[in-house]
Amino acid sequence: MAELLNVERLSAGYGEAQVLFDIDLALAEGRSLALLGRNGVGKTTLVNSIIGVTRRRGGRIALAGRDITGFSPEQRAHAGIGWVPQERNIFKSLTVLENLTAVATPGAWTTGRVFSMFPRLAERKANLGNQLSGGEQQMLAIGRALMLNPRLLLLDEPTEGLAPIIVEELLRALKRLVREEGLSAIVIEQHARKILELTDEAIVLERGRVVLAAGSAELLADPSRLERHLGLAAA
Amino acid sequence: MLTILFDGVAYGMILFVLACGLSVTMGLMNFINLAHGAFAMFGGYVTVLAMQRLGLPFLMALPAAFFAAALAGLVLERLVYRPMYAKSHLDQVMFSIGLVFMAIAGADYLMGSSQQFVQLPAWLSGRFDLAGIGVGRYRLFIILLCGALAFAMQWGFTRTRFGSRLRAAVDDARVARGLGIPVNRLFALTFAFGSGLAGLGGALGIELMGLDPTFPLKFMIYFLIVVTVGGTSTISGPFFAAMLLGVADVAGKYLVPQLGAFIIYALMVILLITRPHGLFARGRA
Amino acid sequence: MSTDSIEARVQRSLYGARRWHPAEIAFWVLALAAFFLLPRQLLILNEIAILGLFALSLDLILGYAGIVSLGHAAFFGFGAYAAGLFAKHASADPVTGLAVGMSAAGLLGLLTSPLILRGSDLTRLMVTLGVALILGELANSLGGITGGADGLQGIMMGPVLGLFEFDIFGKVAYLYSLAVLFVLFVLARRIVGSPFGLSLRAIRDNPLRASASGVPLHWRLVAVYTLAAAYAGAAGALLAQTTQFVSLDVLAFHRSADLMLVLIVGGAGYLYGGLIGAVAFKLLQDVIASFTPQYWMFWIGLFLVLFVLGGRELIHGGIKAVVGRVARLGRRAST
Amino acid sequence: MNAALQTFDLCKSFGGITATDHVDFTLAKGARHALIGPNGAGKTTFVNQLTGVLRPSSGRVELMGEDITGLPREARVGRGLARTFQINQLFATMTPVEMIALVISERLGRGRQPLRALDREKELVAETAEILARFRLDDIMDERIATLPYGKQRQIEIAAAFAAKPSVLLLDEPAAGVPEAERRELMATVAGLPEDVSVLLIEHDMDLVFRFATRITVLVNGRLLADGTPGEIANDPAVRAAYLGEHGHG
Amino acid sequence: MTIRRTVLKGMLGLALAASVSGAALAQDAVKIGLILPMTGPFASTGRQIAAAANLYIQEKGASVAGKKVELIVKDDTGTADVTRRIAQELIVNDKVTAIAGFGLTPLALATAPLATQAKTPMVVMAAATGIITERSPFIVRTSQVVPQIGSPFGTWIAKQGTKRVITIVSDYGPGHDVESSFSEAFKAGGGQVENIRVPLQNPDFSPFLQRVADAKPEALLVFVPSGVGAQFMKQFVERGLDKSGIKLIGTGDLTDDDILNGMGDIALGVVTAQHYSASHDSPENKAFVEGFKKANPGLRPNFMAVGGYDGMHALYEGLKKTKGEGGEALVTAMKGMSWVSPRGPISIDPETRDIIQNVYIRKVERVNGELYNQEFETIPNVKDPTKAKK
C-alpha cells in the first residue's frame, strides 16, 4: 500500500500560541482516518496545518512521497488536498454553482456528480452562499472540496451543529466517498462512534499531542479506551 | 435640466472608471493605495505623447494608455507594492503618498508643469440636440464607452469564472488559498487591470478635467470619496456612488452655485455618518 | 514574597512613565540651546516648534487613542483664524489670543467628535477630511470675516506678556512658541501618564477589553478628541500670531497629510515622535528644496517610500542607540 | 432568591439561525458553575449577551436582582460583572502592571482624571500589587504583555477580570490553548478565587469541569438541555448522546 | 566630566555648522531673493518668471554698479507662512538687497509687513490684486493690477454696443477683482451684467456653462487661473456655445501665451484684454521672445515672464542709480522710472508704486501655423483705476 500522507514531528500554532507538538501521522492511499479529541486539543489546527494555513514551527509534511512542507496552500490544494474547513466558509457572494466552479480542476468530479450526490444543492444552484441552511452549507463545502478532485479529503467537523436528519444524510454521503469511491480522508469529529464506523483508523489528540492511535474497529469494540480519553468523567 | 443630468452622468462615468480599480484592490487586499491617481496621470501623459509625438489617432491612444498604465501597475505591484500588504494602513497611506510625490515631481521633470491638451477628432467635438436636450458628442462617447466598460466589468465580475474566483478571494482569502485559488496572481492581475482602467480614465479625462502634474493629488479626494461611499468588493457600489457624486456635483453647482464646492463634501460626510461601511455595504451580523 | 515589596515595585513601575529620562532633558536643553547656537535659523525653528505642537496634537488621538485623521488641519486652521480675528478685533495680547484659539478649536473638536466614534479607519479618514474641506470652503466663502483667499490682513500682535515685542529675527517668536510647546508638552505628558491616559491606551490596544474593564469608550474618545483639537488650535494660534497673518492654506488638505507623515516618520505613541518628525521633516524639506526648488517633492517621496519599505527600522534603531547612550551618560553623571 | 445572575426567556437569533433559544438560567451566589456544550451550541453567544457585547432579541438579564439587559458593557463591569475571553483580549503594548492598574483605576473612578499621577494613588498601587501577587505575575510585571508566553497571557486575562472586583465572574475557556505545564498553575488560580465571587466557567476540558464545578449546565443548539450536579450530568443519557454521539437521543 | 566634554563638542559642531553657512556671504554682492511657486498648481508661473529673470541677467551681465548680482530662487510651496519665513530668512540670513517674485496674492500680502519692517524693497512680479502695493511703502509692482485690465475692458466692450454680459470668475481674490472692475465699468457704459463664481478647485464647468446657455447673454467674460482656461474653452465649444452667438471674452489669462498653442482651434477668435502678448510688434519684444525661446526651448514667454523681466529691469536700473544701495533709496529710485519694455512703454507710478502701462485688445489668430493673441487696439497708459479714484 502506497503511503499518501506522511506527517513527521509537526509543530504548529497561530501567532504566539503553539498548539501542536511533534505530531507524527501516516495515512495510506485509500484509507480514512478519524481525528478525535475534545475541543481545543488541536484537531482543527492539525488539519489546517496540513493544508498550510497555520504557522508551522517545525516538522515535515509529504503527500504521495512529495515533500510539500514549503508549499503554499494553493499549491497544496493543487497537489491533491481537498479541504472542508470547520466553519464551512462558503464564499458568501458566490452562488452555489459558482462556489463549485470557482475552485474546480478537471477530473472525475464535476458539478453534475456533486449535484447527484447532494440533490438539495442542485435545487439551490442559483442561491447565494449565505442564503443556505447549515446543512446545505456543509454539503456545499464538501462538494466544493470534491471539485478539486483531491486525493486526500480533509473534513473538519462535518456534522457539527446540524439536525440529526441532516447528519444522517451527510454520514451516508461520507460513507459512499470513503467506502465506495475509496477516497482517502481525514475526518475530525466530536461524536466518536458515528465516525469510527466509517473510518479505518483513528487517532486521539490531547493537548496538542497524539495520545492514542488504533484501528477504528478495534476502538469500537473496546469503548472503554475511548471513554477514557473522550468521556465525560474520569469515573 | 436633462442636459445637466446628462453632464453629471458623463462626469460620474469618468469618476467611476478612474476609481473602480482602487475599490477592487482595496476590497481584495485591504490595501489603501493613494497613488492610484498616479496611474491615471500616467495614462493621460501616454495619450498626450502618443498623439503629439507618434501622431496616433485618439481612438488608438486610448488602448495605449490602458496598456501602459496596466503594465506599470503590474511591474510596480511586483516590485514595490507586495511588501506593503502586511503593513499597517498608516504605513500604506504614507508609502503611497510618497509614490504620489515622486510621480508628481517626475511628471513635472519629464513633461513640464503646464496643462496638457489633446485634439479630439472632429466627430467627437461639438454637440447636437436630441429632443431638446443638448448632447455633447464627447460626453456621449464617454457615457457609451464607460457604460459599456462598467457593464462588461459587472458581467466579468459576476458571470465569469475569473470573476467568481476574484469574489471568492475577496470573501475569504484564507479559505480561497486553501482551495487552490491563486490569490496573489489574481490580485496582481486585478491590480494591473485597475491601474489600466485608471490610465484609461486619465486619458478620457484630459478633455474634461485637464492634465498637469498635480493631477494625482487634485483628484485623490474624489477617488477616495467614490470608494468610501461606494464600498469595496462590488462593481455596482462604486458605480452608483460615482454616478451619485457626479450628478449631485453638477446639478448642485447648477442649481445653487453659491454652495458650489460644499455639496460633494457635505454629501460624503452625511453618507458616511449614516452608512459608515459604505452606501451599498451588505449588512453584517 | 511580601506584598509590600511588590507594592514598592508597582509604584516604581508606574512612576517610570512619569520619570524624566535623561534623553528627554537633553532634548529640551538642545531645543533651548538652538536659540543661542543657531541665531540664523530661528524662523525655521519657530515653524518646527509649531509643527511639532501640531503633530503632538495628532499623536494624542492617533498614538494614544488609535483614531486616524486626515483632517486635523480643521482645528489648526480654526485656532489660527480664531486667534487672528481675536487679535484684530479684540485684543493684541498673545497669551489671551492663544487661549481663545485653543478654546475655539477645542469647542469645534467637541462638536465634531460624534463623527469619529463610528466606522472603520477609512471612514474616519474620509469624515475628518470632509470636515476640514467643508471648513476650508466656509473660510473661503465668508470672505467678509476671514478675508477669503487674500487671507486675514492687519493682525498686529502686542508684546508677549506685555514685555517682549515680536522681532524680525524670530527671537521672540521662537522662544514664545517653544515655551508654549514645552508647557503643553508637559501637560500632555502628565495626561498621558494619568489614569485617563492609561484608559486611552487601553482603548487603542483593544476596545473590546477596554469596555470589559469598565472604560466608557465614547466619552473618553470625545474627551481626547476635544483635547487634541485644542492642542491643534494652539498650534494654529501660534502660527497666526508669530506670522501675523492667516490664509486659507491653514485649512488645506496638504497640511493634514504632511502632519500625518511627520508623525509616522517620528513614530506615534510616545509624544516625542511628532517633535522629532517635525524636526526631520522640515529640515529635510528645507535642505532638499534649497538644492532643487522644483523637484524636492520627488526626493521627499522617495524618502517616504524607502522609509516605509525598511528604512524605519534602521532609523529607529539608530535613535534608540543614541537615546541609550544618553541615558547611560545621564546615569553615570547622577552617580 | 439567592441568585447572582439570572436570565429569563433569553433569545438571540442571527438572520434565520437561532443561537440562543428561550434560555432560563440561574447562577447562584457564590456558585462554582460550569456551562458546557458541543461546539456551536451557543455558549459564547450566551455569554456575550450576559456581558452586553450582543443585545438579546428578547428576554431579560438580571444581575443581583437588577435588570441589566439594556446597560452598556462598561456599566455592567461597574456593577460587578466581569469576564475573560475565549481568545485573549489583552492590551498588547502594556505591561501587566499597567493593565491591572487600568482595571483598578476604572473601578475606583480615576479614569476620568487626566491630571493625577498613577503612582501617587495609594489604594490603586496596593490593589495592583495584591492582584499581581495573587496571580503570580509579579516576576514579569514590567514585561510587555505581547512578549509573554501564552500561558502567562491567559493568567493576565483572568487577573484583569478579577481586578474589577466582580461579584460574578465569567470565565470563557480559560485553559484553551495553554500548554500542559502552565495549565496546572492556571487552574490553581481559578480554584483559589475567593468564595464570595460567583463563577461561571465555560469549558470543554471535562477534567477541569468536573474538578471545579459544583453545578453544571448543558447547552445544546442554543437550548438548555440539562442542569444539575456533576453526578447527575455525567449520568444523563441525553448529555452522553450529545457528547459521544450515541444514537437514540431525544 | 565626560558629559561636559561631549556637550561642548556638540555645541562646537553646531556653531561651526552655523558659521559655515553664513561665511559664504561675499561683501560686494547684490543678492536678490526670488520667491516663486516652483511646485504645485501654479508652478508654471514660477518657471516663466525665473526663466525671464535669468534671461535678463544673462543679457545685461551679472553685475550692476560694480557689484556682482546673485539670484536666489526659492519655492514658496504655495503656503503663506512658508513664503513669509523664506522672505524673512532671505532678509535676515542672506542679507538680500531686495525680495521679488510672489505668484499669489495672499503670499505677497503675508510678506508685505516684513518688507516694511526690514525696509527691504519688494518687487511683485506676478500677483495682481489691487491692494498689494498699499500694504507696504516698499512694494513696487511690475506685473499688472487686475482692475487695470478689467475696467478699461468693460468700457471697451460696452462701447462695442454689447448690452448683456455674464461673468464667470474663480472664487478667489483676483477673480473677485476682475468681476467687480469689469462689471462696474461695463455698467457705467450702459450694459447689464450677471456674475457667477466657480470654486477654485473645479474639475467640471458644465453646470455653470449650462446656466450661461440658459441665459443667452451676448458675451461671456471668463477669469480662471491660467491653464484651467483652456479646459473652460473646450467645454464652451463642446457645449456649442460658440455657435449660439455668445462671444467668449476675458482677461489675457484665458489665452495665456504659455499654453495657447496647445489649445487648438477652439481658441480662435477669442477676444481678450491684456498688457502683453508674445506677438506684440516691437523690436524690444522680438529680441525678448527670441532670447527667451533660445534659453528655454519649447517655452513661449507669457505675461508672467514679462513681469519678471521688467522687475529685474527696475531693480537693475534702480541699483545703478543708488550705486548698489538698497532700502528706501532703491524704492525711491524705482519710483517714476519709465522705459520701453517688451510689452510697450511702461512706467512706475511714483505715487502708488504700481505699474502704468498700455492695455491691448487682442484676438486669437493663427500666425505662421501658431496661435497668437494679435493686438488690434491699444488703450494707452492705464493706471490702476481703483487707486486713481482715491
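Values reported hereafter were calculated over all heavy atoms of this structure, with side chains retained and with hydrogens, waters and symmetry mates removed. Computed from a prediction, not measured in an experiment: that's the story for all the values here. Proteins get letters first, then strands, A, B, ... in listed order; numbering begins at 1 in each.
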Taking every non-hydrogen pair under 4.5 Å, which of [options] racks up the most with chain C?
| options | value |
| --- | --- |
| D:A160, D:P114, D:A117, D:G78 | D:P114 |
| D:V103, D:V125, D:I104, D:D142 | D:V125 |
| D:R110, D:R112, D:R116 | D:R116 |
| D:I100, D:L115, D:L124, D:T95 | D:L115 |
| D:T84, D:L132, D:V53, D:L90 | D:L90 |
| D:M99, D:E127, D:E157, D:R107 | D:E157 |

Just wondering, do [Y] and [X] contact through their side chains at under 4.5 Å, heavy atoms?
| X | Y | answer |
| --- | --- | --- |
| C:L184 | C:M102 | yes |
| D:L200 | D:L171 | no |
| D:F25 | D:L219 | no |

Side chain, backbone, both or neither of [X] within contact of chain C (heavy atoms, under 4.5 Å):
| X | answer |
| --- | --- |
| D:E98 | both |
| D:M94 | both |
| D:T51 | neither |
| D:A164 | neither |
| D:A82 | neither |

Which portion of [X] sits near chain D, non-hydrogen atoms under 4.5 angstrom:
| X | value |
| --- | --- |
| C:A210 | both |
| C:R220 | side chain |
| C:R201 | both |

Exercise for the section: Select, from C:D205, C:L200, C:V10, the one with the greatest count of heavy-atom pairs under 4.5 Å involving chain D. Expected result: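 The candidate making the most pairs under 4.5 Å is C:D205.
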
Problem - Gap separating the CG atom of D:L10 from the CD atom of D:Q6, nearest 0.5 angstrom - result: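 D:L10 CG to D:Q6 CD: 12.0 Å, rounded to 0.5 Å.
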
Exercise for the section: For the pair C:F182 and C:W20, name the ring-plane relationship: parallel under 30°, tilted 30 to 60°, perpendicular over 60°. Expected result: tilted

Problem - Shortest non-hydrogen contact between C:D59 and C:Y270, atoms and distance - result: OD2-N, 3.7 Å

Problem - Cationic tip of C:R189 above C:F185 ring, under 6.0 Å, 45° of axis - result: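 Relative to the ring axis of C:F185, which defines the angle, C:R189 lies outside at least one limit.
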
Exercise for the section: Keeping the roles fixed (side chain from D:T69, backbone from D:V61), state whether a donor-acceptor pair exists under 3.5 Å. Expected result: yes

Problem - Heavy atoms of other groups near D:R136 CZ, more than 12 under 6.0 Å - result: yes

Problem - Electrostatic pair D:E130-D:R134, nearest N-O below 4.0 angstrom - result: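 Salt bridge flag = yes for D:R134 with D:E130.
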
